[in-house]
Amino acid sequence: MSGLLEPSQVVAAVKGLHWRTSLEIHKLLKDNEDFSITYNDGEEEGAEPEKIDVEKLVGMLPLHLLSVFISTHEEEGKLRYLLSGIRLLNTFCDLTSRHPRLDQVLLDDVVLTTQMLDLVIFTMVALGGNRKESWKSDYDSLIEATMVASTLHLMHGFISPNSQDLVIVLLAHPKVDVFIDAAFGAVHNVVRSLRAKLLHRQTDQTKKLGANSVGAVNAHCQQAEAALQFLHSLCQHKLFRDRVAKNQELCGKGGVLMLAQSILSLYITPEWVGAAVIIASISRINAKALSLLHHLFEAESVSFLDEVERSGSLHLAQTVASKVLELMRLGLSRASKASPPPNEYPMGFVLLNAMRLADVFSDDSHFRRFFTKHFTMVLSAVFCLPHGDFLSMLCSSDLSSREDDATLDYDLFTSSGWVLSAFSSPGELAVPQFKLNFQNNLTMSSYAHQRTSLIVKIMANLHCFVPEVCTEDDRNRFIQTFVSGLRKDPSSILVNLLPSSTYTPEAQRGTSVCKNISSLLHHAEFLIPNALNVEDLMILRVFCQQLEPLIRSEFEESQAEDNQGAGGSSSGKQLGKEPLNLNNDEASEDSDVRAEGATTKQGVNNEEMEIAERSKESDNLETSGSETSSNRGGKGLVDQAEDGYLARTFTKRLKVSASSGEAKEDERAEASLLLEKQRTKRKRSIMSDDQMAMMEKALVDEPDMQRNSAWIRTWADKLSLQGPEVTSAQLKNWLNNRKAKLARASKHGPARDNNSSGDLPESPGDENTWQQQQQQKPTTPFADKASASSSEGLKRGQQVMLVDERGVEVGKGTVLKTDGEWYGLSLETRQVCVVDVIELSGLYDYSKMSIPYGSDDVGRTFGEANSRFGVMRVAWDVSKLQ
């Protein structure tokens, strides 16, 4: 024990040394050869200087602070003392590069490093445990916020300033999930207290802090931004965000969504409107929260939105989606102004990150209708801008203004020192303003192109109709809402930032909107392939083709005086009288879109060649936006040659004839047939029958392969050796489509095709064959009692009815496997086959009903089988299949 310091000595050293900078302590260490420091604690005048061994102090400090945390001392004084200890510990970490002995003790001693990491985790648990709303004074809330930010950034001192190194160390720690959960909770508490401070002015408390109200809120904003910035830096790395996405507390129970909801709800009251530094800090916090959410939504190991749906927390995601929509509305409103006011401080990529999230939301079946209803109105208002303003906003590479992103250069020593001084200083202290490191890694043109491409992607997501995912009510919903929004007052939709007189008058609105969207289409062609894919461009072309006759119909009377002899009015009237159905032959034949690019210098032939060439480069594109959720539509591509042919045909179709102004009737009919062919063959198979058979066998052993990137890469290589080349992205998309197909089949009855992959028939001949077979069957596909009773008579994809020993119907399903082995069970020997059960008889509770040949691997009830495979996959006697 003689080698250890007394607790009172450690306490005195913390109180006396934490005020000294690293340079001052460095000089004190140089003056003493025995690696000790002589200091004066300053508590008593005339007191004798104290001398302490630095090596012993450093070795005891982490455990000492942990013991103080656990003790029952007064909370107020305890937090101040702990913040002083963390500040001193950080100062010693800064000195490791100058003093090898400190480096050996702090960084090379594994035991001490583990103790400091335990200190960080325990601090997060203590400060993040109570997540209920509770009132705290500025005294408590500010020091707690500083404790959270300082403790997190302390890891930069004793582990590494590189976030990638931090991720490796944290993921190797046995309590990493505890840290993740507690850290997000602690940051959430910081945001809650900041929100309370923004809403309630507490002049008496700010006077006690030795700072004016703006200074106190500014200090709190900086702590919140620094803490969130630390978590965001970790989530930028795939391994860490995958671990966060798997955390049940944060994702399953909505912890991350609640944090995002609190951040996006931070409200600037009139009192703070003039405080530019506070407004900028809150804006950057919003931008980082949106970016963090986007990282988690794109996690590969697990689908974030699927987990949210499974846990019943979609209402939280709906709230966040509403906030995202509001930020986009405000951001696009500001962007629509020709010369928006410059910002004194960087505001972060709020609009860009909100649009990235909207791309994910709008491609998800749970949120597509919500965005169609609300965001389409915003789009309509944007397209009502005068042509020049619209070009400057969405069709230019040189914007008049852009968002600026920045990171906070957090100084733990300065930050904690100001807070500790504010509690004891009788006068008013100036709040330290940390340096902002600009991170504008996007050039002006890249920023403009990303913003425009995201608009196109969102429009493509909303206009795309995928029968396997969308309901019939969703057909044409986007274009209907868009047209109806053109009649509304744009100034009321875009936050009244521009007067009504600024927008195109309603009488000329139809012509102006067509001109704007044609310009967008022409500009989008030049964003391929770096910022946009061919598939989204093709859907935008289809949207343009279908939009103009509706606009002519909607604005025909008001445009009669300005557009004498405008073509297509009769077809417009016809569409106005009948229910809108743009996805049939008649609507396609009536559509007549005029593209602005007809008179450009490139000419028709050059542009056609350019589009065709770009189409050829897009053979590996499978889906737009996120691929991680089985509920996302994903816009399937037709095959390569057909894409190029469609691109050339649609380019011709969109050109204005110089002589008559109308396309020929046979050309319209040809485009209509091609469009219909694209719809019917939207999900053409990317693999041969042998390759699909290989995958079906592999999925028996690895049913959740779509969540394992390593498995996907391995099997993509294997499949490529056995037939056509298959990329990892294509295979993952195929797996997601297959899973979604089986999930839909279990809810809505048997699928119409005879394979489990979700691909539509390879040719119209296959489609007709299927229809003929269906016509020859009895009224119910499961009523054929004369089906074969042996495994030789059953084929993969065949629809069957499962019965029990008494011949009573149990359910209906599709045969998956008839030969080989399945989890140790010989199917041919036992006369058994594997069936994916689509629906169960209403007499049974599937979650409790036992299944034959059950085991720990495949489950022992229908419910367990469904949880393991994502579908009720069971082994069933052939004699009990009809």
_With rounding to the nearest 0.5 angstrom, report the CZ to CG distance, Phe184 to Leu259._
7.0 Å
*Taking atom types as modelled, find out whether His366 and Glu309 have a side-chain donor-acceptor pair closer than 3.5 angstrom.*
yes
*Is it true that a side-chain atom of Glu403 and a backbone atom of Val350 form a donor plus acceptor pair closer than 3.5 Å?*
yes
*To the nearest 0.5 Å, what is the distance between OG (Ser453) and CG (Leu532)?*
6.0 Å
_Derivation of the side-chain contact (heavy atoms from CB on, under 4.5 Å) call for Val360 and Arg356_ = CA-CA 7 Å; Val360 179; Arg356 287 166 179 162; over 6 Å; no
*asked:* I'd like to check the side chain to side chain contact (heavy atoms under 4.5 Å, CB included) partners of Ala321; sequence neighbours left out, ordered by chain and number.
replied: Phe361, Phe367, Phe370, Phe371
*Is any NZ, NE, NH1 or NH2 atom of the basic residue among Lys323 and Glu326 found under 4.0 Å from an Asp or Glu carboxylate oxygen of the other?*
no
*By side chain to side chain donor-acceptor pair (under 3.5 Å), which residues pair with Ser311, not counting sequence neighbours?*
Ser313
_Nearest-0.5 Å distance that lies between atom CH2 in Trp715 and atom CE in Met694_ = 5.0 Å
_Any Leu152 side-chain heavy atom under 4.5 Å of Met124 side chain_ = yes
*What is the ring orientation for Phe862 with Trp876, classed by angle as parallel under 30°, tilted 30 to 60°, or perpendicular over 60°?*
tilted
*Could you give the distance from SG (Cys235) to CG (Leu228), rounded to the nearest 0.5 Å?*
9.0 Å
*Backbone N or O of Phe482 within a donor-acceptor pair of the Ser380 side chain at under 3.5 Å?*
yes
*Can you check side-chain contact (heavy atoms from CB on, under 4.5 Å) on Leu352 and Leu454, steps first, answer last?*
CA-CA 8 Å; Leu352 207 60; Leu454 286 168; 4.1 Å; yes
_Just to verify, which of Val176, Val167, Leu170, Leu234 counts as forming a side-chain contact (heavy atoms from CB on, under 4.5 Å) with Arg243?_
Val176
*Side chain Gln318, main chain Leu314, donor-acceptor under 3.5 Å*: no
_Are Ser322 and Leu325 packed together at the side-chain level, in the sense that at least one heavy-atom pair is separated by less than 4.5 angstrom?_
no
*side chain to side chain donor-acceptor pair (under 3.5 Å) with Gln261: which residues, sequence neighbours excluded?*
none
*Can you tell me how far the CE atom of Met355 sits from the CD atom of Gln450, to the nearest 0.5 Å?*
10.0 Å
*Evaluate the side-chain proximity of Val837 to Lys812: yes if any heavy-atom separation is below 4.5 Å, no if none is.*
no
*asked:* Can you list everything that forms a side chain to side chain donor-acceptor pair (under 3.5 Å) with Ser291? Sequence neighbours excluded, please.
replied: His232
*How would you list, by chain and number, every residue that makes a salt bridge (Lys or Arg N to Asp or Glu O under 4.0 Å) with Arg369, sequence neighbours excluded?*
Asp474
*Should the pair Lys457-Asp536 be classified as a salt bridge under the 4.0 Å nitrogen-to-oxygen rule?*
no
*Could I get the full list of side chain to side chain contact (heavy atoms under 4.5 Å, CB included) partners for Gln229, not counting sequence neighbours?*
Lys288, Thr407, Leu408
*asked:* Can you list everything that forms a side chain to side chain donor-acceptor pair (under 3.5 Å) with Asn286? Sequence neighbours excluded, please.
replied: none
*Nearest-0.5 Å distance that lies between atom CD in Glu225 and atom CD1 in Ile263*: 11.0 Å
*Considering all heavy atoms of both residues, which atom of Leu802 and which atom of Gly813 are nearest to each other, and what is their separation?*
CD1-N, 3.9 Å
*Are Arg241 and Gln236 close enough, and set up right, to give a side-chain hydrogen bond (donor to acceptor under 3.5 Å, both in side chains), and what steps lead you there?*
CA-CA 7 Å; Arg241 65 172 173 261; Gln236 286 180 313; over 6 Å; no
*Side-chain contact test, heavy atoms from C-beta onward, threshold under 4.5 Å: evaluate it for Leu127 versus Asn189 and give yes or no.*
no
_Could you walk me through whether Gln164 and Phe240 satisfy the side-chain contact (heavy atoms from CB on, under 4.5 Å) test, starting with their C-alpha distance in whole Å, then the side-chain angles of each, then the deciding distance to 0.1 Å, before giving a yes or no?_
CA-CA 9 Å; Gln164 185 173 0; Phe240 192 84; over 6 Å; no
*Answer whether the closest heavy-atom distance between the side chains of Val835 and Leu816 falls below 4.5 Å.*
no
_Val800 side chain reached by Thr814 side chain, heavy atoms, under 4.5 Å_ = no
*Check ion pair Lys817-Glu696 (N to O, under 4.0 angstrom)*: no
*Would you say the side-chain atoms of His173 pair up with the backbone N or O of Lys175, donor to acceptor, closer than 3.5 Å?*
yes
*Go through the structure and list residues passing side chain to side chain contact (heavy atoms under 4.5 Å, CB included) with Thr372, not counting sequence neighbours.*
Arg368, Thr376, Leu462, Arg477, Phe478, Thr481
*salt bridge (Lys or Arg N to Asp or Glu O under 4.0 Å) with Lys238: which residues, sequence neighbours excluded?*
Asp242
*Any side-chain heavy-atom pair of His294 and Leu290 under 4.5 Å*: no
*Apply salt bridge (Lys or Arg N to Asp or Glu O under 4.0 Å) to Arg451 and list each qualifying residue two or more places apart in sequence or on a separate chain.*
none
*Does the side-chain contact (heavy atoms from CB on, under 4.5 Å) test come out yes or no for Thr452 and Leu527, once each step is laid out?*
CA-CA 9 Å; Thr452 302; Leu527 302 182; 4.0 Å; yes
_Mutual orientation of the aromatic rings belonging to Phe304 and Phe297 [parallel < 30°, tilted 30-60°, perpendicular > 60°]_ = tilted
*asked:* I'd like to check the side chain to side chain contact (heavy atoms under 4.5 Å, CB included) partners of Asn247; sequence neighbours left out, ordered by chain and number.
replied: Asp177, Ile180, Asp181, Glu249, Leu250
